[in-house]
Number of protein chains: 2
Amino acid sequence: MLTINNHPRIKSLIPQIAKKGVVIVDGIGDRKRLLLQAIVDDYIKNAEPVGSRTIVKRYELGLSSATIRNEMADLEDMGFLDKPHTSAGRIPSHLGYRYYVNSLMQRYHLSQTEIERLSSELEIQAHELKQILSTIADVVSRATNYAAVVIEPTSSDCVINDIKLVVIDSHSLLLVVVTSDGLIKSRVIKSDIPVNESIANYMTNFLCEKLKGLSRDSVTLSTLSNIHNEFPQYHELIMLIFKFLDECLKESRNEQLYLSGTINVLNYPEYNDIDKAKAFLALFDKKDILKKALEQDNNAKGVSVFIGVENNQEELKEYSLILSPYKAGEKLRGKVAIIGPTRMHYSKAIVSLEYICGKINQLFEKLF
Amino acid sequence: MLTINNHPRIKSLIPQIAKKGVVIVDGIGDRKRLLLQAIVDDYIKNAEPVGSRTIVKRYELGLSSATIRNEMADLEDMGFLDKPHTSAGRIPSHLGYRYYVNSLMQRYHLSQTEIERLSSELEIQAHELKQILSTIADVVSRATNYAAVVIEPTSSDCVINDIKLVVIDSHSLLLVVVTSDGLIKSRVIKSDIPVNESIANYMTNFLCEKLKGLSRDSVTLSTLSNIHNEFPQYHELIMLIFKFLDECLKESRNEQLYLSGTINVLNYPEYNDIDKAKAFLALFDKKDILKKALEQDNNAKGVSVFIGVENNQEELKEYSLILSPYKAGEKLRGKVAIIGPTRMHYSKAIVSLEYICGKINQLFEKLF
DNA sequence: AATTAGCACTCACAAGGAAAGAGTGCTAAC
DNA sequence: GTTAGCACTCTTTCCTTGTGAGTGCTAATT
């Protein structure tokens, strides 16, 4: 990941105290910092390139437009600003946004109204995980006005805690698998050969004995053939059971994504261009790209921000992604993400996501 | 529903044989029919108002543009054509489309390639209903290039066939409900009071005895209090069981919708206007409107078409909806819909949907 | 009587050009 | 070091004008 802290050009600019006793907050200079902040703030708010006179009029920097122009030219040379064309104002570059996020932006404070609204929206009554997650996606997208992506919780070291076979009728069984995640998954399995309570119970016990406590990697071939040999006539059935167990344990299992608010983005002027809008919306049909994007910074404890090219996916290089993990019980971790234009209201998005993920953690703590 | 057959203006125009031995195919006249067909075909294909000279050049009607103009004026008077402005060509009105769909359009023939592609895409390996339905939505949207909506199958007279409680641990049970739909639903239920195998088995038997064969309406208060009295200390648990049973049986249960290809529509010129695109895409966030739209013509056996204002939902009056039921087993019925602009390739959409639903029925027949 | 040629008229749209406006960078003065 | 002033650039907007597609009507033709 490319961040302000390891980018070669920025490394030397990290806040430092000058020797002479004067606090120079930063290598790029205090005045430039204020100016850059003003420019990014203004651009985030108004979506229009910011000119030197605009700065003079809107922000009290006590400088003339000519001075601002000189400073802007410096900031452009440093790589923090871009110019769409000669006679437009400046817009922040990816680096500019990065510097802004790291050390310029003011922390957003959620208003009382916002907090109350979020709290009440997050009092989720649903029982099923998928309903909870889809509600969370809705809440995030409404709170931020960007697209929200939520991914199902998974855990890396998942073992089988319990297996049960419940007879439904003579040719169908319900296979119930309890994993160490605390998740309970079930699937109906059809058997060509008739089944009954006693064989189901016997099978249940046998399977439990052989498989309990095992992870996906520790189920060996000998275990499998052992089980197969015990039930020679139920070959088909056993195969189906293995397949389902594998799905339950597989780390890269087909985690469901929950999306919301993808069309929010059409409200932002940068997507008035129908092709840009289409490109953005098409992202959300490509689940694999989203999943990989959500895998970024997997060890982070809190919110991470990926601005444009910093993303690990080529397809996201025009967008910013704000990512936060959440915990569902002891071991399970999922992620919530916000996707929007690089011109994003970072401070509000970050704080909202922090708040929401805190609430989610509480919610799941109660549930598990 | 307003169709060509009961619309007051059109009623008199239904095909009829003239007395004199000459076959006058239709009250509006053979020539006008051909012309209308040409205009609608052309407009569906090119998305541009059709002028009299265009018709002369592209279609061999053997008439001069002046004659065509006269005929067009007639068709406009009859309500089949609209004019965007004086010097544009004509476009079909809702009534024009309706007449076209009812008696003008040529049946589309799926090519060998299309059939092969559909067949292979519909060889769905998934086990879970939701995966199957979401794949179906994908197939429909890819086949037609419009948005696809699939709704879960439900049945109106659903009774409880079986109930099982499986002990997971001392405070959780898996409740399994088998309904006459052939669906098996399960949910984990937490109990404050500890549970064990024997109480679970007893409860399972008691519940089965009291509730088996009952529909939602035939579960009476006395049955409920009967059960409550039998397990005074498990009041909470019983409440949760009832709640889940109710959900399983409720006709208007929260049927899941599966969407796909909503952004396909951005490829059509009528949605180059960002506001139109937004309005269209916003539809798919309003599940209740979609559900009501899919409830139209509930008794139809085959494909139905709703053009613009014919839809029961105000929000759909600019769009056309093509709807087909599918069967999942004996009693379960779901619906598949295509939503797109009124300028839709009706013949292809209808035939594709027919074909796909046929395949779906076969698929589910095998599964149940 | 039906069809068509001819023509005047309408309207949207594209191309071209001028003017306005926002902004820059440089120089010279403060 | 800061700023006023100015020439210059480039986009955007607004007009104008011309073109083309299309209509509807009338009179001539079949």
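Chain letters run A, B, ... following the sequence lines, proteins first, then strands; residues in each count from 1. Computed from a prediction, not measured in an experiment: that's the story for all the values here.
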Extract from the structure each pairing of a protein N or O with an N or O of nucleotides 14-21 of chain C at less than 3.5 Å, listing the distance.
none

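For A:Tyr346, the ring-ring contact (aromatic ring centres under 6.0 Å, His included) partners are A:Tyr97, not counting sequence neighbours. By the ring-ring contact (aromatic ring centres under 6.0 Å, His included) test, A:Tyr59 pairs with no residue at all, sequence neighbours left out. Looking at residues two or more places apart in sequence or on another chain, you find a ring-ring contact (aromatic ring centres under 6.0 Å, His included) between A:His345 and A:Tyr108. Remark: A:Ser64 engages A:Ala66, A:Thr67 in a side chain to side chain contact (heavy atoms under 4.5 Å, CB included) (not counting sequence neighbours). Among residues two or more places apart in sequence or in another chain, the side-chain hydrogen bond (donor to acceptor under 3.5 Å, both in side chains) test is passed with A:Glu270 by A:Arg343. A:Ser52 pairs by the side chain to side chain contact (heavy atoms under 4.5 Å, CB included) definition with A:Ser65, A:Ile68, A:Arg69, A:Met72, not counting sequence neighbours. Residues forming a side chain to side chain contact (heavy atoms under 4.5 Å, CB included) with B:Ser111 (at least two apart in sequence, or on another chain): B:Thr113, B:Glu114. Judged as a side chain to side chain contact (heavy atoms under 4.5 Å, CB included), and not counting sequence neighbours, the contacts of B:Ile289 are B:Leu283, B:Lys286, B:Gln313, B:Glu315. Partners of A:Tyr43 by ring-ring contact (aromatic ring centres under 6.0 Å, His included), not counting sequence neighbours: none found.
In terms of heavy atoms, A:Leu323 sits closest to A:Ala293 at CD2-O, 4.0 Å.
Of the residues in residues 48-73 of chain A, those with a non-hydrogen atom less than 4.0 angstrom from any atom of DNA chain C are A:Gly51, A:Ser52, A:Thr54, A:Arg69, A:Met72.
Scanning DNA chain D 5' to 3' for nucleotides with an atom closer than 4.0 angstrom to a non-hydrogen atom of chain B gives a first and last hit of D:dA21 to D:dG24.
Rounded to whole Å, atom P of C:dC9 lies 17 Å from atom NZ of B:Lys83.
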